[in-house]
Amino acid sequence: METVQVNLGPRTYPIRIGSGLLSHLGPLLRDHNFAAGRVAVATDSNVGKIYREKTAATLTTAGFDPCFIEIPAGEEHKNFAWLSFLYDKLIEGRLERRSPLIALGGGVVGDMAGFAAATFQRGLPFVQVPTSLLAQVDSSVGGKTAVNHSAGKNLIGAFYQPRLVVIDVETLTTLPRREFLSGVAEVIKYGVILSPELFSLLEEQLSSLLRLDALLLTTIIKTSCQLKALVVEEDETEGDYRAILNFGHTLGHAIETATEYKRFLHGEAVAMGMVFAVHLSQQRGLCSAAVKDRVTRLIKKAGLPVEIPKTLSRDTLRLGIETDKKVAGGKVKFVCLEDIGRTRFEYLSAQEIVGHLRGGSQ
Ligand SMILES: NC(=O)c1ccc[n+]([C@@H]2O[C@H](COP(=O)([O-])OP(=O)(O)OC[C@H]3O[C@@H](n4cnc5c(N)ncnc54)[C@H](O)[C@@H]3O)[C@@H](O)[C@H]2O)c1
Ligand SMILES: [Zn+2]
């Protein structure tokens, strides 16, 4: 088992990473001083179907009395109606201020249960057991929790750190392939913006990663969590520095908006956004063609999309960039690449950004 410590003063917490850890969740909670008794486990219909029994068994054996709360799977359920359902179940389940709430699932469950934990009785101890690669390498560090509003994604939320994160890499064997690759895009992002070592490891061992080699997965998830932790420790509440994590996301979000979050998974949109970001960086003379080619090649080799669909016009994408909440004073803080592991912010208008799209679209 590997551990990454997220150092946030009194909100410091560990991430435990390994293969088969879900079967030891009960003892792990006891090791972290959670008293036996009532616990709530929020999950979704897909993850619940596969892992509920195993989770119930380890919790019960360790002296916990779990109450499971199941939400239908899918981003469309990350809303007030299902949050309210979560609160109802926490009340029915007689959860008290010291009873932990465990999120067992992908980022949707994690974000929603995290927000419920932050607000129910002004705060329950929160434990994350992320089961998608995206949630393991992204949502388990940073303490962002949220639900969607009809006016926008993640519009209502809070920063609320978990007390413990347990990552069982074995859960990735049941994750749909496309979802797995979507998570790989975020892993590639960490390599590109923060770590030439991680980037080279991905170049060399991509096929083992895609075969879900457990040891390699553990190393890569650990490294990704460490890298994100370093950024978050520097800037817990999204001041300046944390914005580097938006690499590939400016255009990625615009693509997601333009296709109404239906055509692409988040990581797929980010993959196209990263390819565009290195193209823009090269065109503006910030990075070499060799760097651009290396990044593009790895993303392509991972089976992620690199070409923006021709059907998405410059105007549509420009509008998408302009409506992104990160636009300030007409300029977007666009994350450019100078070299693998070295970024720099450029303040550009949406018009200037889409001016770098090739031909009809890219
Ligand atoms: N809090 C943060 O910092 C943060 C960071 C990134 C993303 N997010 C949020 O996370 C969400 C996306 O997360 P996601 O990609 O995990 O989506 P998700 O939670 O919808 O999971 C994707 C799909 O995989 C299924 N699934 C998850 N784990 C599985 C497993 N082990 N076996 C079988 N099926 C499994 C889910 O049921 C779902 O159908 C978005 O709402 C996004 O806003 C939050
Ligand atoms: Zn992302």
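Just follow the structure's listing: the first ligand is 1, and inside any ligand the first atom is 1. All residue numbers refer to positions in the sequence shown, counting from 1. This is a predicted model, so every value here is computed, not measured.
Between the side chain of T145 and the backbone N or O of A158 there is at least one donor-acceptor pair closer than 3.5 Å. Between the side chain of E179 and the main chain of P176, no donor-acceptor pair closer than 3.5 Å is present.
Between V295 and I340 the shortest side-chain heavy-atom distance falls below 4.5 Å. Counting heavy atoms from C-beta outward, T311 and R263 have side chains that approach closer than 4.5 Å. Contact of the L86 side chain with the F115 side chain is not registered, since no non-hydrogen atoms from C-beta on lie closer than 4.5 Å. The shortest distance between side-chain heavy atoms of I308 and L317 falls below 4.5 Å. No side-chain heavy atom of T174 sits under 4.5 Å from any side-chain heavy atom of N46.
Only side-chain heavy atoms of D111 come within less than 4.0 Å of ligand 1; its backbone N, CA, C and O stay farther off. Heavy atoms of T145 found under 4.0 angstrom from ligand 1: none, in either backbone or side chain. Of all the heavy atoms of K144, the ones lying under 4.0 Å from any atom of ligand 1 are found in both the backbone and the side chain.
Counting protein heavy atoms only, atom 21 (O) of ligand 1 is closest to G106 CA, 4.2 Å. The protein atom (non-hydrogen) at minimum distance from atom 35 (C) of ligand 1 is L175 CD1, 3.6 Å. Taking atom 41 (O) of ligand 1 as the reference point, the nearest protein heavy-atom neighbour is E75 OE1, 2.6 Å. In this structure, the protein non-hydrogen atom closest to atom 3 (O) of ligand 1 is S139 CA, 3.6 Å. Scanning all protein heavy atoms for the shortest distance to atom 12 (C) of ligand 1 gives L134 CD2, 3.6 Å. Shortest contact from atom 17 (O) of ligand 1 to any protein heavy atom: G107 N, 4.0 Å. Atom 30 (C) of ligand 1 has its closest protein heavy atom at T174 OG1, 3.5 Å. Protein heavy atom in closest approach to atom 20 (O) of ligand 1: V108 CG2, 3.4 Å.
Near D44, meaning under 4.0 Å from one of its heavy atoms, ligand 1 places the atoms 36 (C), 37 (O). Each of the following atoms of ligand 1 lies closer than 4.0 Å to a heavy atom of A73: 37 (O). Distances below 4.0 Å separate heavy atoms of V47 from the following atoms of ligand 1: 26 (N), 27 (C), 28 (N), 29 (C), 35 (C). Distances below 4.0 Å separate heavy atoms of T171 from the following atoms of ligand 1: 30 (C), 31 (N). Distances below 4.0 Å separate heavy atoms of T131 from the following atoms of ligand 1: 27 (C), 28 (N), 29 (C), 30 (C), 31 (N).
For K153, the heavy-atom gap to ligand 1 drops under 4.0 angstrom. Contact between P176 and ligand 1 is present, with at least one heavy atom of the residue lying under 4.0 Å from the ligand.
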> Can you list the steps and then say if R344 with E346 is a salt bridge (charged side-chain N to carboxylate O under 4.0 Å, His left out)?
Replying inline: CA-CA 7 Å; R344 103 179 216 184; E346 290 278 293; 3.1 Å; yes
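Judged by the 6.0 Å and 45° rule, K333 forms a cation-pi pair with F345.
Of all the listed residues (S132, G267, G74), S132 holds the heavy atom that lies closest to atom 16 (O) of ligand 1. Of the candidates D138, I50, L245, D138 brings a heavy atom nearest to atom 6 (C) of ligand 1.
At the Zn ion (ligand 2), the vertex angle linking NE2 of H249 with NE2 of H266 is 100° (nearest 10 degrees).
In the hydrophobic clustering of ILVMFWY residues, with side-chain heavy atoms under 4.5 Å counting as a link, L21 and V141 come out apart. If you chain together hydrophobic residues whose side chains sit under 4.5 Å apart, Y13 and V166 never meet in one group.
Within E186, OE2 is the N, O or S atom that lies nearest to the Zn ion (ligand 2).
Comment: R297 does not engage E203 in a salt bridge, judged by the lack of any side-chain N to carboxylate O separation of less than 4.0 angstrom.
Annotation for A271 and I299: closest pair CB-CG2, 3.8 Å, computed over non-hydrogen atoms.
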